Amino acid sequence: MTEPVRVRFAPSPTGHLHIGGARTAVYNWAFARRHGGAFVLRIEDTDPERSTEENTQAILRSLAWLGIDHDEGPDVGGPYGPYRQTERAPLYRDALALLQERGAVYPCFCSAEELERKRQEARARGGFAGYDKTCRAISPTDAAARVAAGDPHAWRLKVPFDRGDVVFEDLVRGEMRFPISAIDDLIVVRSDGTPTYNFAVAVDDATMRITHVIRGDDHISNTPKQILVYEAMGVEPPAFAHLSMIWGPDGKRLSKRHGATSVEAYRDMGYLPEALLNYLALLGWSLDGETTIIDRETLIANFSLERVSRNPAIFDSEKLEWLNGVYIREMPREQFVDRMCAVLQDAGLLSPDEAKERREWLLALAPLVSERIKRLDEVVPMVRFLFAEVAVEEKAKDAVLAVAGARSALEEAARALESLEAWQSDAIEAALRALPERLGMKPKAVFQAVRVAITGTTVSPPLFESLELLGRERAIARIEAAARVASD
RNA sequence: GGCCCGUUCGUCUAGUGGACUAGGACACCGCCCUCUCAAGGCGGAGAUCACGGGUUCGAAUCCCGUACGGGCUACCA
């Protein structure tokens with residue numbers, strides 16, 4: 001195959017971009033980039049009830065945030081547009097005309113009620129419950145006459161009787177084979193003139209010159225129908241690759257019940273796009289079974305459909321969180337400061353001006369924080385004490401300040417820090433380390449008392465650095481205040 | 001009912017007839033480091049490869065069947 005690779009991601013804007021859709025998008029995108037092909041975005045908005053422009057924009061935003069860029073789409077255009085199905089009506093009309101010309105379709109005058117009744121009967125009898133092909137028996141002249149007379153009708157595909165099994169090579173699963181007898185004379189155009197899904201998809205993929213259709217495996221059984229549409233049009237079908245579904249922790253279809261399912265929700269929780277991308281890539285694909293940290297470039301350079309797994313995967317948010325922590329720790333310090341500032345500004349702890357003025361200070365704080373969090377939203381509780389006055393938590397008070405000797409430890413600490421010449425962590429450390437022995441206390445008891453005094457909690461970034469960043473005046477004031485409520 | 005897909009540690013996976021006493025990662029447990037929490041280092045536990053038959057000198061890997069889960073079977077997508 002020498003033609004350039006063209007793949008598409010075709011979401012329905014009936015909701016935001018979900019984890020499952022995002023994974024499909026990632027695989028399509030990675031495949032396109034790997035082969036130097038085009039990644040096209042097509043919006044399947046034929047369901048007017050549930051499709052909204054807001055959702056389309058949200059999907060576009062989510063893809064952009066993940067760093068999945070498309071070459072053609074509703075927002076950037078392209079040579080095979082339009083890229084919204086609702087705008088492609090003329091294409092479907094042309095395709096129907098082509099099928100009519102080729103004698104590949106026939107009008108069906110059966111009413112919905114009639115069809116429903118037949119379906120019930122067939123189901124009761126057992127076996128195949130498809131359309132009984134009543135209208136296929138109507139002679140072309142009679143049919144044409146009824147159409148001309150304005151009889152309501154849908155158009156059905158004449159599934160050939162002598163075709164043999166529909167066989168295709170799925171790039172993930174291998175050979176797929178469907179008996180032609182089990183495939184219905186599907187409706188391609190409804191009586192209101194709108195195309196059905198399987199027809200629209202085949203027409204779109206054909207006219208957009210899609211070479212590889214990579215999508216969820218809920219479409220496996222649709223594939224033979226679409227192949228029949230291609231054949232009816234006289235067009236070579238693309239290659240297909242079906243991805244298994246992503247499930248929630250309970251092994252059921254991923255849904256709101258499982259908590260966050262949209263890409264935007266993960267963004268808002270402080271996940272990094274590169275971490276989500278990495279996680280999604282690994283959910284059903286592996287580089288070699290060993291490598292887990294896979295950046296964008298590595299993914300593009302190595303992605304292959306042959307290594308896509310056939311079984312459904314359960315979404316493991318703990319592993320995603322761990323991965324996010326890895327990316328946070330590996331993030332360049334400057335970049336982390338930017339991310340941290342954004343979060344602090346959202347929390348109202350920092351103004352844009354301060355972010356600029358205190359850049360050096362923030363750069364010093366960054367590594368203390370980045371090493372301790374897995375999500376960006378953990379920044380705020382961890383460093384709040386540096387930006388605002390904090391009350392000592394009750395349980396911290398009970399566990400640390402209510403211990404014998406806490407008061408003298410704090411008083412001594414305040415004294416030692418007051419007389420310090422240079423307010424730097426190493427000097428602070430030297431001063432505080434001398435205390436435990438002199439007071440006959442364990443180092444941990446002294447340090448925890450100081451920690452609680454300045455942060456209000458028993459857990460914080462490293463103590464000496466925290467003291468330095470807090471500043472002498474505030475640090476000593478807090479230690480003295482804590483001493484007043486501590487036990488002897 | 002019919003057609004189709006799937007089934008390896010709790011989870012994601014490696015594995016394509018012999019290197020498998022089934023490897024890696026997350027989670028879990030222990031130890032070390034240590035001012036807390038993390039991070040990091042070291043180690044541990046965890047999979048009768050869904051089950052049952054076969055093929056073969058030899059099967060997680062090939063074939064058949066069963067069970068369980070899932071999809072399609074719409075003038076939904």
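Please read all numbers here as calculations on a predicted model, not as lab measurements. A note on names: the letters A, B, ... follow the listed sequences, proteins ahead of strands, and every chain is numbered from 1.
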Given [options], identify the nucleotide with an atom nearest to the side chain of [X].
X	options	answer
Ala154(A)	U13(B), G23(B), C75(B)	C75(B)
His219(A)	C3(B), C12(B), A77(B)	A77(B)
Phe447(A)	G71(B), A14(B), C35(B)	C35(B)
Ser286(A)	U13(B), C75(B), C26(B)	U13(B)
Asn198(A)	C35(B), C4(B), A77(B)	A77(B)
Val459(A)	A77(B), C12(B), C37(B)	C37(B)
Lys225(A)	C72(B), A77(B), U13(B)	C72(B)

To the nearest Å, give me how far apart [atom1] ([X]) and [atom2] ([N]) are.
X	N	atom1	atom2	answer
Leu254(A)	U11(B)	CG	P	16 Å
Ile314(A)	C26(B)	CD1	C1'	14 Å
Leu368(A)	C37(B)	CG	P	16 Å
Asp217(A)	G6(B)	CG	P	9 Å
Tyr197(A)	U73(B)	OH	C1'	15 Å
Asp288(A)	C12(B)	CG	C1'	14 Å

Subject >> Those residues that, when tested against Glu44(A), pass salt bridge (charged side-chain N to carboxylate O under 4.0 Å, His left out) (two or more places apart) >> reply: Arg42(A)
Subject >> Qualifying residues under salt bridge (charged side-chain N to carboxylate O under 4.0 Å, His left out), relative to Arg329(A), sequence neighbours excluded >> reply: none
Between [N] and [M], how far is it from one [atom1] atom to the other, in whole Å?
N	M	atom1	answer
G30(B)	A38(B)	P	13 Å
C26(B)	G65(B)	P	41 Å
U48(B)	C33(B)	P	37 Å
C49(B)	A22(B)	C1'	8 Å
G43(B)	U61(B)	C1'	32 Å
G24(B)	G46(B)	P	14 Å
C57(B)	C12(B)	C1'	36 Å
U8(B)	U16(B)	C1'	14 Å

Can you give me the N/O atom pairs linking the protein to nucleotides 38-42 of chain B at distances under 3.5 Å, or say none if there are none?
| residue | atom | partner | partner atom | Å |
| --- | --- | --- | --- | --- |
| A38(B) | O2' | Glu371(A) | O | 2.9 |
| A38(B) | N1 | Glu371(A) | OE2 | 3.1 |
| A38(B) | N3 | Glu371(A) | OE2 | 3.3 |
| A39(B) | O3' | Arg329(A) | NH1 | 3.2 |
| G40(B) | OP1 | Arg329(A) | NH1 | 3.3 |

Assign [X] to base, sugar-phosphate, or nothing according to its heavy-atom contacts below 4.0 angstrom with the strands shown.
X	answer
Asp218(A)	sugar-phosphate
Trp247(A)	sugar-phosphate
Gly284(A)	sugar-phosphate
Leu115(A)	base
Met382(A)	nothing
Arg253(A)	sugar-phosphate
Pro462(A)	base
Cys110(A)	base
Thr46(A)	sugar-phosphate
Pro443(A)	nothing
Arg215(A)	nothing
Ile220(A)	sugar-phosphate
Phe464(A)	base

Original post:
Is the shortest heavy-atom distance from the side chain of Ile428(A) to the side chain of Leu417(A) under 4.5 Å?
Top reply: yes
Subject >> Pairwise side-chain contact, Leu254(A) with His18(A), heavy-atom cut-off 4.5 Å (strictly under) >> reply: no
Any side-chain N or O of [X] below 4.0 angstrom from OP1/OP2 of [N]?
X	N	answer
Arg177(A)	C4(B)	no
Ser460(A)	U36(B)	no
Ser191(A)	C75(B)	no
Arg433(A)	U34(B)	no

Any strand counts, and the cut-off is 3.5 Å on both contacts for Watson-Crick or G-U wobble. Which nucleotide pairs with [N]?
N	value
C20(B)	none
A25(B)	U11(B)
G6(B)	C68(B)

So, [X] and [Y]: side-chain donor and acceptor under 3.5 Å apart, yes or no?
X	Y	value
Thr207(A)	Arg88(A)	yes
Lys118(A)	Thr134(A)	yes
His242(A)	Arg215(A)	yes
Asn311(A)	Ser244(A)	no
Asp295(A)	Tyr327(A)	no

For nucleotides 7-10 of chain B, which of its nitrogen or oxygen atoms have a protein nitrogen or oxygen under 3.5 Å away, and what is each distance?
| residue | atom | partner | partner atom | Å |
| --- | --- | --- | --- | --- |
| U8(B) | OP2 | Asn311(A) | ND2 | 3.2 |

**OP:** Would you please indicate if the ring centroids of Tyr197(A) and His219(A) are separated by under 6.0 Å?
**Re:**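 When the ring centroids of Tyr197(A) and His219(A) are compared, they turn out to be within the sub-6.0 Å range.
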**OP:** Assess the pair Phe315(A) and Tyr279(A): is the distance between their ring centroids shorter than 6.0 Å?
**Re:** yes
Identify all side-chain donor-acceptor contacts of residues 436-443 of chain A below 3.5 Å with residues at least two apart in sequence or on another chain.
| residue | atom | partner | partner atom | Å |
| --- | --- | --- | --- | --- |
| Arg438(A) | NH2 | Glu412(A) | OE1 | 2.8 |

Subject >> base_contact_polar (G71(B) base, Ser221(A) side chain, donor-acceptor, <3.5 Å) >> reply: yes
Original post:
Taking the nucleotide of RNA chain B with the closest heavy atom to each, which residue, Thr291(A) or Glu306(A), is nearer the 5' end?
Top reply: Glu306(A)
Subject >> ring pair (Phe, Tyr, Trp, His ring centres under 6.0 Å) involving Phe447(A) - partner list, sequence neighbours excluded >> reply: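 Result, ring pair (Phe, Tyr, Trp, His ring centres under 6.0 Å) vs Phe447(A): Phe464(A).
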